[in-house]
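These notes concern the structure reproduced below.
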Amino acid sequence: MYLICCIKIRNFLYLNFIFMQRRNFLRNTGLTLASLAFLNKESLAALLSDPAWKIKMLTDNTGVFTEKGGTILFMLNKEGTIVVDAQFPDTAKHLIDEIKTRTEKPYRLLINTHHHGDHTAGNIAFKDLVPHVLAHANSKTNQQNAAIKQKTEDKQLYPDQTYTDTWCEKIGKENICLHYFGAGHTNGDSLVHFQHSNIVHMGDLVFNRRHPFVDKTAGADMGSWIKLLDKATSTFDKKTKYVCGHAADGYDIVLKSDDLKAFGDYLGNVMKFVDQEIKAGKTKDEILKATEIPGSPEWKGDGIDRPLSAAYLELAS
Ligand SMILES: [Zn+2]
Ligand SMILES: [Zn+2]
């Protein structure tokens with residue numbers, strides 16, 4: 001009996017895993033496969049009916065949405081809903097459905113922190129809902145260039161509003177400011193500050209304990225990125241909450257000033273390490289064999305070659 005029940009549960013689980021992303025599922029439930037085996041049928045069914053996405057409210061009306069791709073920040077404002085980043089069309093739809101249950105207000109603004117597809121592909125889901133899409137001017141250019149290259153122009157909703165240095169607007173009680181502090185992860189990354197709530201969406205300017213993607217094809221700059229993070233921590237106060245695009249498994253996407261500093265130190269350690277290796281006569285291939293950045297052991301997992309290659313490009317020339 002026990003065996004049959006277990007086999008049934010395992011088949012049930014297997015079928016569900018076909019339809020769900022295993023990684024998302026496990027991350028969102030916080031469970032391991034082994035622990036699932038100890039659940040009874042009722043709690044298992046309840047668990048599997050849970051959505052693959054997650055919303056965490058940071059204030060009464062401001063929350064973060066995570067499913068696939070870069071973290072979305074949203075605000076249910078009395079003057080209309082504001083959304084920062086859009087993930088993908090299918091996941092954006094989940095957020096839109098959820099927001100529908102929480103407010104009847106129309107959308108006021110969609111902001112893109114930068115152009116990458118895991119932050120802008122979902123723009124199209126807001127096409128008939130939102131009157132304006134806002135991003136840095138370079139982000140719009142990068143989005144257009146990427147879409148032409150990938151032949152996905154018909155799937156884009158481009159920003160109709162852009163800025164170059166600072167953009168601010170008061171919407172209801174909230175004062176929203178976008179800052180451009182120079183090149184970092186790309187050459188078009190905005191820091192989106194909800195001043196009243198004191199929350200900053202950093203987009204992909206911070207990867208929490210994960211090796212970052214450094215988009216040299218879109219003007220990324222490691223040296224400038226370090227200065228940008230310094231400027232961020234000196235511009236905003238100690239109580240500011242930061243939202244980042246991506247975090248390693250088990251790490252949060254809502255951060256404090258110290259986490260920004262730690263990521264800045266990590267980027268500095270990447271530069272220092274690559275500089276030392278170049279001076280010691282190492283080739284690029286030899287440098288890319290590194291498995292850890294000295295001084296920043298918390299940054300683990302795959303993708304270490306991305307910041308190393310970028311640093312090499314900046315330092316070897
Ligand atoms: Zn991203
Ligand atoms: Zn990105």
Side-chain angles (χ1 to χ4, degrees), residues 24 27-28 53-59 62-75 83-88 91 95 111-120 122 135-136 139 177-186 188-194 197-215 220 222 224-268 270 293 296 298-303 306-307:
N24 277 349
R27 182 184 298 160
N28 288 333
W53 46 264
K54 209 172 183 178
I55 282 179
K56 180 183 173 187
M57 296 308 289
L58 304 181
T59 69
T62 308
V64 281
F65 172 94
T66 45
E67 184 170 357
K68 188 174 66 178
T71 310
I72 296 175
L73 174 69
F74 64 90
M75 172 175 277
V83 177
V84 185
D85 282 348
Q87 293 192 354
F88 298 96
T91 60
L95 174 66
I111 299 166
N112 291 142
T113 58
H114 67 296
H115 76 287
H116 284 148
D118 61 314
H119 301 254
T120 61
H136 189 270
S139 175
C177 282
L178 273 67
H179 300 279
Y180 181 68
F181 287 168
H185 167 72
T186 69
D189 306 282
S190 294
L191 288 80
V192 183
H193 191 196
F194 288 3
S197 312
N198 203 5
I199 297 166
V200 179
H201 196 325
M202 296 293 292
D204 284 358
L205 287 169
V206 181
F207 279 65
N208 190 17
R209 274 72 184 180
R210 236 181 104 171
H211 298 297
F213 178 44
V214 189
D215 193 352
M222 296 277 289
S224 162
W225 196 344
I226 296 166
K227 289 184 204 140
L228 181 162
L229 291 168
D230 263 350
K231 193 166 176 184
T233 47
S234 61
T235 300
F236 309 114
D237 63 48
K238 271 273 166 198
K239 285 185 185 156
T240 307
K241 281 186 184 141
Y242 298 91
V243 172
C244 70
H246 307 277
D249 284 349
Y251 286 95
D252 206 349
I253 42 89
V254 182
L255 311 174
K256 292 184 180 138
S257 180
D258 286 348
D259 298 306
L260 259 67
K261 206 186 157 304
F263 184 64
D265 289 347
Y266 156 86
L267 291 177
V270 171
I293 305 297
S296 295
E298 277 184 288
W299 270 260
K300 297 188 188 87
D302 56 3
R306 301 180 305 217

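Note that the structure is predicted; figures quoted are calculated from it, not measured.
Side-chain atoms of R306 come within 3.5 Å of backbone N or O of P212 as a donor-acceptor pair. Put simply, the side chain of T240 never gets that close to the backbone of N198: no donor and acceptor are under 3.5 Å apart. Judged by distance alone, the side chain of Q87 and the main-chain N or O of G70 form a donor-acceptor pair under 3.5 Å. Of the possible polar contacts, one joining the H185 side chain to the F213 backbone as a donor-acceptor pair under 3.5 Å is found. With T62 contributing its side chain and T59 its backbone, the two residues share no donor-acceptor pair below 3.5 Å.
Residues T113 and D85 bring a donor and an acceptor atom of their side chains to less than 3.5 Å of each other. Residues D118 and H246 bring a donor and an acceptor atom of their side chains to less than 3.5 Å of each other.
Checked against ring-ring contact (aromatic ring centres under 6.0 Å, His included), Y180 has the following partners two or more places apart in sequence or in another chain: H136. In this structure K231 satisfies the side-chain contact (heavy atoms from CB on, under 4.5 Å) test together with F181, T235, sequence neighbours excluded. By the side-chain contact (heavy atoms from CB on, under 4.5 Å) test, D252 pairs with K56, V254, sequence neighbours left out.
With a 4.5 Å cut-off on side-chain heavy atoms, D258 and K238 count as touching. Between V192 and L73, the closest side-chain pair of non-hydrogen atoms is not below 4.5 Å. Side-chain contact between H115 and D215 is present, with at least one heavy-atom pair separated by less than 4.5 Å. Side chains of W53 and L95 form no contact here, defined as non-hydrogen atoms less than 4.5 Å apart. Two residues are said to be in side-chain contact when any heavy atoms from C-beta on lie closer than 4.5 Å; V206 and D259 fail this criterion. Inter-residue side-chain proximity for T186 and D204 is flagged as unmet; no heavy-atom pair is nearer than 4.5 Å. At a threshold of 4.5 Å between non-hydrogen side-chain atoms, the residues L191 and M202 count as touching. Side chains of Y266 and P307 form a contact here, defined as non-hydrogen atoms less than 4.5 Å apart.
Residues H211 and K300 come closest through the heavy atom pair CD2-O, 3.4 Å. When every heavy atom of M57 is checked against every heavy atom of F74, the shortest pair comes out as SD-CZ, 3.9 Å. When all heavy atoms are compared, the tightest approach of L205 to F263 is O-CE2, 3.3 Å. When all heavy atoms of F65 and T91 are compared, the closest pair comes out as CZ-O, 3.5 Å. In terms of heavy atoms, N208 sits closest to C244 at CB-SG, 4.0 Å. Considering all non-hydrogen atoms of both residues, S139 and G188 come closest at CB-O, 3.6 Å.
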Take F194 and H201 through the ring pair (Phe, Tyr, Trp, His ring centres under 6.0 Å) test and state the conclusion after the steps.
CA-CA 8 Å; F194 288 3; H201 196 325; 8.9 Å; no
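The neighbour count for D302 CG, taken as heavy atoms of other residues, nucleotides or ligands under 6.0 Å away, does not exceed 12.
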